[in-house]
Amino acid sequence: MLKHLFKKTPSNSYIKIEMPAKKGKAQPEVPKGMWRKCNKCGAPIFTEDVIRGSYICPKCGGYFRVHAYRRIEMLADEGSFEEWDRNLPEHNPLSLSGYPKKLKETREKTRLDEAVVTGKISIDGMETVIGVMDGRFIMGSMSYNVGEKITRAVERATEEGLPVILFCCSGGARMQEGIVSLMQMEKTSAALKRHSDAGLLYISVLTEPTMGGVTASFAMLGDLILAEPGARVGFAGPRVIEQTIGQKLPEGFQSAEFLLEHGFVDRILKREESKEILSRILKFHRKNPRAEEYTGERAAADAAEAGAPEEQTGSSDQSVKKDMTAWERVKLSRKPGRLTGLDYIDGIFDEFMECAGDRYYRDDKSIVGGIALFEGRPVTVIAQQKGRNTKENIERNFSMPSPEGYRKALRLMKQAEKFGRPVFCFVDTPGAFCGMEAEERGQGEAIARNLYELSALKVPVLSLVIGEGGSGGALAMAVANEVWMMENAIYSILSPEGFASILWKDSKRAAEAASVMKVTAEELLGLGIIERIIREEEPACRQNAEQICGVLKDGFRDFLNRYGAMPGEALAEQRYERFRKM
């Protein structure tokens, strides 16, 4: 049996494998560089396997750092990379005697001019500006030239109307440049604000590590923020934190997965999927000729028509089940097995990509949201999501959103406004979560903020109540140009049990309460609270999902035909007048 002995080379990366010599033969050696040692699991791995496998260990799945030019090569269409601003003049603002020598040595060793490479590439034929930081250059620290290259790239992207993708990798500010390094945080952020105000897309990709001033500036300002698995991301390093607070940090603290759980990134980006996912995101954000705005008399005519939509009650061959009581409708709206928000998203839209987090505290799984295609047109879809079993219901908090859920929904709707995407909301909640922690984090403020901001949203909004529409927790996602209801859904000031408990001090009178509350779709259509009922020949479930989603597709298409090209101000005015009449 062979005995393997591994020895580190000066680079601490490559190894050679020694094997017992056979009698009469010289001891063979593996050529330097053919094998590597994984810095996570310690296993010997064939270098070519690592390169072909997106620089991922085939044994443990650990990530190796990717050089900037190699990263670009992995993403760009062949021959499409055009590098910008290479070899800017050297800066030494503190006049440190050893700094120029360090820069020279680092350039010779890495063949980089600085810690970031910028330029323009195409991904599946779609042009984008790209910046890739490289940790080999003084730990990827942010110097004047790093800030200048990124700022110039963003400014040029703004001028040319192009998206920006930045791969972040940094130890933070460059100490050798003092406060001049610190100023790059504001300079890059200001350039990104102008880029955003021009309605352009910025994608930030966090890689191992992204720390300090980079985290506190351009790294966390993306319209979409993605992070590679296991990447360390934080403002202060773990040693600094532990020394400051005198506590041991938990396992996984400041990891990409930690940030996802706490609402700061949209998704984990597996490296082998990078080109595919980035291509999808760019496709979602291409200018859509069907979304051009109307002007003049046509806009006014459409606004008037949308302000008083015709009464629509779904398919004409479906009759209302008059013999059902309100309480029976309540029970059907809560019935296990009823279609959930994700069921409707899967059945109506294409290529749904979920986006996570409120950017403040955590990702609330009771609200699911993201970008999708509806008949080729990018849209934003948001759903209050019930579980399909007890385990899922616990994970989804029984579809009772916390403040961070409403803040996530608002973030996605404002993002939709920026990019001119219509918004479709699926409402299904017994009510907003009323726990102590929800109050501590501002449940009332979060709902109020949604009502305030959504009233003036300058894109079409359609809300569909698919199950329970409970109180302000439902209304926070139903400030729409039109609100529709499934036939067996309910929409109410409070649950019938709560209504009976408050009004009559007896929750057992819930069935009686339901009959006087006017909670059914038919009653609410009569009150002018909703615009349309989607009939259920049988209660909505997996078995008839295709049929129901087909009816909804037709309805959504009609909605977009009426509202999809209206000017933003007209949409906001119609929505204002809709509620003003109530």
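When reading the values below, keep in mind they use all heavy atoms of this one structure, side chains included, and skip hydrogens, waters and symmetry mates. Position 1 is the first residue of the sequence, and the numbers go up from there. Everything numeric here is computed off the predicted structure, so don't read it as measured data.
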Just to verify, which of Ile281, Leu224, Val129, Ile123 counts as forming a side-chain contact (heavy atoms from CB on, under 4.5 Å) with Ile165? Ile123
Kindly give the heavy-atom pair with the smallest separation between Ala326 and Ala514, and that separation in Å. CB-O, 3.4 Å
Go through the structure and list residues passing side chain to side chain contact (heavy atoms under 4.5 Å, CB included) with Lys40, not counting sequence neighbours. Cys38, Cys60
How close do Val459 and Arg575 get, counting heavy atoms only, and between which atoms? O-NH2, 2.8 Å
For the side chain of Asp266 and the backbone of Leu226, is there at least one donor-acceptor N/O pair under 3.5 Å apart? no
Hey, does Lys270 have a side-chain heavy atom less than 4.5 Å from the side chain of Tyr63? yes
Any side-chain to backbone donor/acceptor pair from Arg338 onto Ile466? Under 3.5 Å, distance only. yes
Under 3.5 Å, side chain of Gln385 to main-chain N/O of Gly341, donor-acceptor pair present? yes
For a salt bridge (Lys or Arg N to Asp or Glu O under 4.0 Å) with Glu482, tell me which candidate from Arg532, Arg562, Arg578 qualifies. Arg562
State plainly whether the residues Arg449 and Glu445 are in salt-bridge range, i.e. N to O under 4.0 Å. yes
N-O pairing of Glu468 and Arg334 below 4.0 Å: yes
Between Glu261 and Arg362, does any NZ, NE, NH1 or NH2 come within less than 4.0 Å of an OD or OE carboxylate oxygen? no
For the backbone of Lys386 and the side chain of Glu392, can you confirm whether one donor and one acceptor N or O come within less than 3.5 Å of each other? no
Answer whether the closest heavy-atom distance between the side chains of Leu282 and Pro163 falls below 4.5 Å. yes
Any sub-3.5 Å donor-acceptor pair from Thr210's side-chain atoms to Cys168's backbone N or O? yes
Is it true that, when you exclude Phe579 itself, more than 12 heavy atoms of the residues, nucleotides or ligands shown sit nearer than 6.0 Å to its CZ? yes
Could you please spell out the steps behind the side-chain contact (heavy atoms from CB on, under 4.5 Å) verdict for Ile447 and Asn450? CA-CA 5 Å; Ile447 293 172; Asn450 276 32; 5.8 Å; no
Nearest-0.5 Å distance, CD1 of residue Ile382 to CE of residue Met413: 4.0 Å
Looking at Phe374, is Arg377 sitting on its ring face, NZ or CZ under 6.0 Å from the six-membered ring centre and within 45 degrees of the normal? no
Any heavy-atom pair between the side chains of Glu487 and Leu332 that's under 4.5 Å? no
Parallel, tilted or perpendicular: which one describes the rings of Phe559 and Trp484, with boundaries at 30° and 60°? perpendicular
Give a yes or no on this: more than 12 heavy atoms of other residues, nucleotides or ligands lie within 6.0 Å of atom CZ of Phe258. yes
Spacing of CE belonging to Met126 relative to CG belonging to Leu162, to within rounding of 0.5 Å: 12.5 Å
For Leu494 and Gly498 the tightest heavy-atom approach is CD2-C, 3.3 Å
Around Phe235, counting heavy atoms of other residues, nucleotides and ligands shown, do more than 12 lie under 6.0 Å from its CZ? no
Are more than 12 heavy atoms from other residues, nucleotides or ligands located less than 6.0 Å from atom CD of Glu546? no
Exam field: side chain Ser279 to backbone Glu276, donor-acceptor pair closer than 3.5 Å: no
Taking the side chain as everything from C-beta on, heavy atoms only, tell me whether Arg329 gets closer than 4.5 Å to Glu523. no
Return yes if a side-chain donor-acceptor contact under 3.5 Å exists between Arg421 and Gln415, otherwise no. yes
Compare all side-chain heavy atoms of Leu206 with those of Met220 and state whether any distance is below 4.5 angstrom. yes
Could you tell me the separation between the CD atom of Gln384 and the CG atom of Asp364, rounded to the nearest 0.5 Å? 10.0 Å
Just checking, is any N or O donor in the side chain of Thr207 or Glu228 under 3.5 Å from an acceptor N or O on the other one? no
Between Ser471 and Ile493 (side chain of the first, backbone of the second, donor and acceptor by atom type, cut-off under 3.5 Å), is there such a pair? yes
How close do Leu249 and Phe253 get, heavy atom to heavy atom, and via which atoms? CD1-CD2, 3.5 Å
Test Lys414 against Glu417 for salt bridge (charged side-chain N to carboxylate O under 4.0 Å, His left out), laying out the working first. CA-CA 5 Å; Lys414 295 297 286 185; Glu417 181 179 51; 3.0 Å; yes
Modelled atom types, side-chain donor and acceptor of Asn544 and Glu538, under 3.5 Å: no
Side chains of Glu531 and Val483: does their closest heavy-atom pair fall under 4.5 Å? yes
Go through Glu375 and Phe556 one step at a time and tell me if the side-chain contact (heavy atoms from CB on, under 4.5 Å) criterion holds. CA-CA 10 Å; Glu375 299 183 339; Phe556 287 7; over 6 Å; no
What's the separation between atom CZ in Arg232 and atom CD in Glu208, rounded to the nearest 0.5 Å? 4.0 Å
For Ser501, check side chain to side chain contact (heavy atoms under 4.5 Å, CB included) against everything at least two apart and list the hits. Ser507
From CG (Leu201) to CZ (Phe419), nearest 0.5 Å: 4.5 Å
Heavy-atom closest pair (Ser274 atom, Leu269 atom, distance to 0.1 Å) is OG-CD2, 3.7 Å
Indicate yes or no: at least one non-hydrogen side-chain atom of Asp363 is less than 4.5 angstrom from one of Lys408. yes
Measure from the ring center of Phe424 to the ring center of Phe349 and say whether it is less than 6.0 Å. yes
Would the number of heavy atoms belonging to other residues, nucleotides or ligands and lying under 6.0 Å from CE of Met582 be above 12? yes
Could you go through Tyr491 and Leu475, starting from their C-alpha distance and side-chain angles, then the distance that decides it, and tell me whether this counts as side-chain contact (heavy atoms from CB on, under 4.5 Å)? CA-CA 9 Å; Tyr491 193 11; Leu475 180 60; 3.6 Å; yes
Taking Glu536 for its side chain and Asn488 for its backbone only, find out whether a donor-acceptor pair lies under 3.5 Å. yes
Quick check: does any side chain N or O of Asp223 sit under 3.5 Å from a backbone N or O of Tyr202, one acting as donor and the other as acceptor? yes
Before you tell me yes or no, could you show the steps for Ile548 and Tyr344 under side-chain contact (heavy atoms from CB on, under 4.5 Å), namely the whole-Å CA-CA distance, both residues' side-chain angles and the distance that decides it to 0.1 Å? CA-CA 9 Å; Ile548 288 174; Tyr344 286 102; 3.9 Å; yes
When you measure from the side chain of Thr429 to the backbone of Ala474, do you find a donor-acceptor pair of N or O atoms at a distance under 3.5 Å? no
Smallest separation among heavy atoms of Gly442 and Arg407, with atom names: O-NH2, 3.4 Å
Quick check: do Met74 and Lys275 have side-chain heavy atoms less than 4.5 Å from each other? no
For Arg441 and Glu404, what are the C-alpha separation, side-chain angles and deciding distance, and is it a salt bridge (charged side-chain N to carboxylate O under 4.0 Å, His left out)? CA-CA 8 Å; Arg441 297 196 293 272; Glu404 44 273 18; 2.8 Å; yes
Modelled atom types, side-chain donor and acceptor of Asp343 and Thr340, under 3.5 Å: yes
Could you grab the distance from atom CG of Leu571 to atom NZ of Lys458, nearest 0.5 Å is fine? 10.0 Å
